[in-house]
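Along the sequence shown, the residues carry numbers beginning at 1.
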Amino acid sequence: MKTVIAIKRLLLLLCLLCVQPVWAQNAIEALSVSQQGGDIVLKLTTSQPLAAAPATFSVANPPRIAFDFLGVKNALGRNAQTVNEGGLHSLNLVEVGDRTRVVLNLRQMYRVETRIDGADLFITLSGNATDPVAEATRVSSGPFATATQAAAQNSIRDINFRRGANGEGRILVDLSDSNVGINIRQQGANLIVEFLKTSLPDNLRRRLDVTDFATPVTAVDTQSQGDMIRMVITPKGQWEHNAYQSDTRFVVEVKQVIEDPNKLVQRGYQGEKLSLNFQNIDVRAVLQVIADFTDFNIITSDTVSGNLTLRLKDVPWDQALDIILQAKGLDLRKSGNVIWIAPRDELAAKEKLQLESRQQIDELEPVRTETFQLNYHKAMVIFDGLTKDKDRAMLSKRGSMVADERSNKLFVTDVPSRLADFRKLIAEIDVPPRQVMIEARIVEAEDTFSKNVGVRLGFHDMAPKVVGNNFGYAVGGGLVDTGYHTGQVSSTTAPDFITNSLAVNMPAATINQAQPGQFSLILFNSAATRFLNLELSALESDGKGKIISSPRVVTADQVEALVEQGVEIPYQQATSSGATSVSFRKANLSLKVKPQITPDGRVNLTLDVNKDTPNPALSTPAGIAIDTKHVHTEVLVDNGGTVVIGGVYIQEEQNVTTRIPVLGDMPYVGFLFRNHEKQDDKTELLIFITPKIISENLAVR
């Protein structure tokens with residue numbers, strides 16, 4: 001019997017063990033953060049290996065990334081950890097039910113990559129996804145190409161709009177990849193969302209008019225700009241936004257903010273509201289009430305005294321504290337969660353003593369020498385900028401600086417506090433220069449049309465007619481023809497004779513040295529002594545041509561660049577002594593540009609585009625003529641966008657008719673006595689400019 005009871009107890013114990021919750025079998029035991037180059041790596045160690053990477057979602061404002069660990073508990077013994085590593089400020093661990101959520105509090109959004117290695121989960125935050133300057137601009141054609149040109153570009157699959165339960169407008173964007181870089185900011189009265197290195201299908205390039213949804217949002221305009229997509233959300237009235245991402249869906253919520261005029265709430269006060277109603281109460285007691293309400297540590301100076309009568313209802317606590325301090329001539333200094341309150345004069349006197357003591361420390365503290373290696377700036381430029389002023393604000397009175405141009409180093413001797421400030425300054429200004437590739441396309445289009453129609457007509461009579469003994473006549477073309485038959489001209493050459501025998505000599509002219517087509521007809525009598533000669537000639541020319549020149553150059557921000565190609569044409573020039581010398585003039589295709597990248601990611605260009613070509617047809621003994629096409633302007637262009645900076649359109653149209661008077665105007669047969677020339681030439685010049693911001697190293701294919 002005892003054996004049976006023991007077996008039952010054992011079975012019951014096994015059953016209890018089997019029904020233990022799964023989440024209790026795995027836990028987060030260790031967490032560490034390190035910075036590797038420009039990446040931040042979090043290492044989470046669990047008691048057992050994870051079956052799959054945790055689900056994640058992100059919030060753009062404020063920037064946060066959350067990971068949900070299902071069936072995992074928090075065994076670290078703490079719920080928060082301050083990191084201050086790069087862009088990662090801190091993290092929180094929240095355990096609810098059978099899951100644990102790890103929230104990363106960021107200063108800016110990052111790309112996220114997860115990797116499982118045994119019992120370790122590595123979370124890598126790489127690249128600044130909200131900085132469009134840090135994103136490399138890929139070059140898709142030409143002799144330049146970025147190292148990441150082969151990488152596949154992300155895309156937007158769908159864009160929808162919904163109205164929330166509380167009347168807020170929700171823009172839902174479905175992405176092809178959850179790691180798409182997104183930059184969201186408020187610009188004027190609009191909300192700008194930029195999807196970096198992302199393509200947009202043609203059917204989604206549109207403007208959504210969502211006024212009928214009765215939300216704060218009136219329109220959503222989505223367009224491509226270079227290798228990124230810009231979405232412009234147009235709200236109305238007072239509004240606030242919230243953005244978050246869950247897997248491949250990015251959501252922007254815009255809700256209306258309604259201000260109650262009956263509430264004594266001023267902008268800038270964000271504290272929790274409280275109500276105070278006291279009659280002749282000591283100021284220290286009121287400050288103690290506020291300290292208990294806010295959980296702040298308040299230190300009150302011994303000189304704070306007096307009574308106060310106040311009645312405040314539903315007022316933010318920071319506004320109430322400000323009112324009390326102003327009423328009693330007090331001021332505060334805050335350090336962390338500790339607030340020190342004292343009279344203004346007392347605080348000013350103590351701060352003055354602190355500044356004087358700090359100045360004395362600077363004068364007595366031993367100086368140190370530190371070497372600063374500059375990578376991108378020139379040492380002499382910084383040296384001249386910091387030492388040209390007499391006060392030398394960056395250095396103390398005992399500080400000195402030496403610049404070595406050969407090694408590009410600065411040697412600074414000063415107190416440690418000034419060296420720390422100088423170190424921060426160097427870290428801010430010694431950064432890689434941002435580069436821009438500028439491509440120009442000079443398109444010259446030509447459309448020409450010419451048409452010539454002419455006729456040659458003549459009557460030739462080889463046998464002169466004689467009437468009576470004293471008078472005779474001969475009919476023919478010119479005097480050479482009739483003179484030959486009457487014996488006045490002894491001999492003629494065949495071409496000149498035929499031409500002179502014509503009464504109408506208006507053949508079609510040549511076009512670009514091309515001879516016209518001819519058709520001739522001759523009528524004569526049976527004795528072959530009288531001839532009627534007719535020749536029709538016509539020529540038509542229709543031509544189309546296009547010349548495309550595409551200079552391009554890469555240069556750093558605010559650095560002028562020049563690229564040119566062409567010839568130098570010699571010509572003679574008189575000198576002061578009277579002799580002649582040979583000089584040269586350039587006939588080049590050139591692009592001179594100075595770019596400036598604006599803070600919003602656009603490019604301001606100072607351009608000088610020139611295309612000169614020799615024109616031998618207009619040459620003179622003094623030299624060869626040069627056709628010039630020149631544009632000098634300044635323009636603001638979006639990154640990756642294209643703008644037409646100039647153009648010239650010329651149309652030349654001519655209709656010329658040459659005729660024999662009276663005969664050329666006759667109906668039906670008038671065309672036998674006239675010549676017609678028609679010309680219609682069109683030329684057009686267009687200059688396109690496309691700037692692209694580049695931040696990665698370029699590789700020449």
Side-chain angles (χ1 to χ4, degrees), residues 132-133 137-144 187-188 192 194 221 223-228 230 232 433-447 545-569 584-615 618 625-652 681-695 698:
V133 178
T137 302
R138 301 187 301 170
V139 184
S140 59
S141 62
F144 303 101
Q187 183 175 344
I192 308 298
E194 294 175 342
D221 191 3
Q223 297 294 334
S224 295
Q225 291 190 355
D227 64 346
M228 74 175 183
R230 171 172 291 186
V232 181
R434 300 159 71 183
Q435 300 182 90
V436 183
M437 187 188 75
I438 302 97
E439 179 180 3
R441 287 187 178 270
I442 305 173
V443 181
E444 301 172 77
E446 186 178 48
D447 186 357
K546 182 169 63 175
I547 301 175
I548 299 178
S549 306
S550 181
R552 65 181 68 183
V553 65
V554 176
T555 182
D557 185 21
Q558 300 189 34
V559 176
E560 186 177 272
L562 171 66
V563 58
E564 61 180 2
Q565 178 188 12
V567 297
E568 292 191 357
I569 300 175
F584 293 86
R585 180 181 176 183
K586 292 183 178 181
N588 290 343
L589 169 65
S590 65
L591 170 63
K592 182 186 293 185
V593 60
K594 183 177 181 180
Q596 179 184 358
I597 303 176
T598 61
D600 59 354
R602 295 191 286 180
V603 184
N604 188 34
L605 299 173
T606 301
L607 291 161
D608 194 341
V609 184
N610 191 68
K611 185 180 181 183
D612 296 339
T613 54
N615 190 350
L618 300 179
I626 297 177
D627 292 335
T628 300
K629 303 175 182 67
H630 186 202
V631 174
H632 179 74
T633 184
E634 183 173 347
V635 64
L636 181 64
V637 192
D638 290 330
N639 177 28
T642 301
V643 63
V644 181
I645 65 170
V648 178
Y649 179 81
I650 301 175
Q651 182 176 5
E652 182 180 356
D681 295 343
K682 302 174 184 177
T683 59
E684 187 172 8
L685 171 68
L686 294 175
I687 301 177
F688 302 85
I689 294 294
T690 303
K692 296 180 181 179
I693 300 176
I694 302 173
S695 59
L698 296 179

Under the 3.5 angstrom rule, does the side chain of [X] hit a backbone N or O of [Y] as a donor-acceptor pair?
X: His632; Y: Leu607; answer: yes
X: Asn588; Y: Val567; answer: yes
X: Asn639; Y: Ile693; answer: yes
X: Asp557; Y: Ile597; answer: yes

Do the side chains of [Y] and [X] get nearer than 4.5 Å, heavy atoms only?
X: Val232; Y: Ile192; answer: yes
X: Lys611; Y: Ile547; answer: yes
X: Leu562; Y: Glu560; answer: no

State the [atom1]-[atom2] distance between [X] and [Y], to the nearest 0.5 angstrom.
X: Ile548; Y: Ile442; atom1: CD1; atom2: CD1; value: 11.0 Å
X: Asn610; Y: Glu564; atom1: CG; atom2: CD; value: 9.5 Å
X: Ile687; Y: Thr633; atom1: CD1; atom2: OG1; value: 10.0 Å
X: Lys594; Y: Gln596; atom1: NZ; atom2: CD; value: 8.0 Å
X: Ile626; Y: Arg585; atom1: CD1; atom2: CZ; value: 4.0 Å
X: Glu634; Y: Ile645; atom1: CD; atom2: CD1; value: 12.0 Å

[X] and [Y]: which non-hydrogen atoms are nearest, and at how many Å?
X: Asp612; Y: Lys586; answer: OD2-O, 4.0 Å
X: Lys692; Y: Gly640; answer: CG-CA, 4.1 Å
X: Pro551; Y: Leu591; answer: O-CD2, 3.8 Å

Set of residues satisfying salt bridge (Lys or Arg N to Asp or Glu O under 4.0 Å) with respect to Arg230, sequence neighbours excluded: Glu194
Crowding at CD, Glu568 (>12 non-hydrogen neighbours, <6.0 Å): yes
Steps toward salt bridge (charged side-chain N to carboxylate O under 4.0 Å, His left out) verdict (Arg552, Glu439): CA-CA 4 Å; Arg552 65 181 68 183; Glu439 179 180 3; 2.7 Å; yes
The criterion is side chain to side chain contact (heavy atoms under 4.5 Å, CB included); which residues satisfy it with Val559, sequence neighbours excluded? Thr555, Ala556
Result for side-chain contact (heavy atoms from CB on, under 4.5 Å) between Val563 and one of Val553, Val593, Ile438 points to Val553
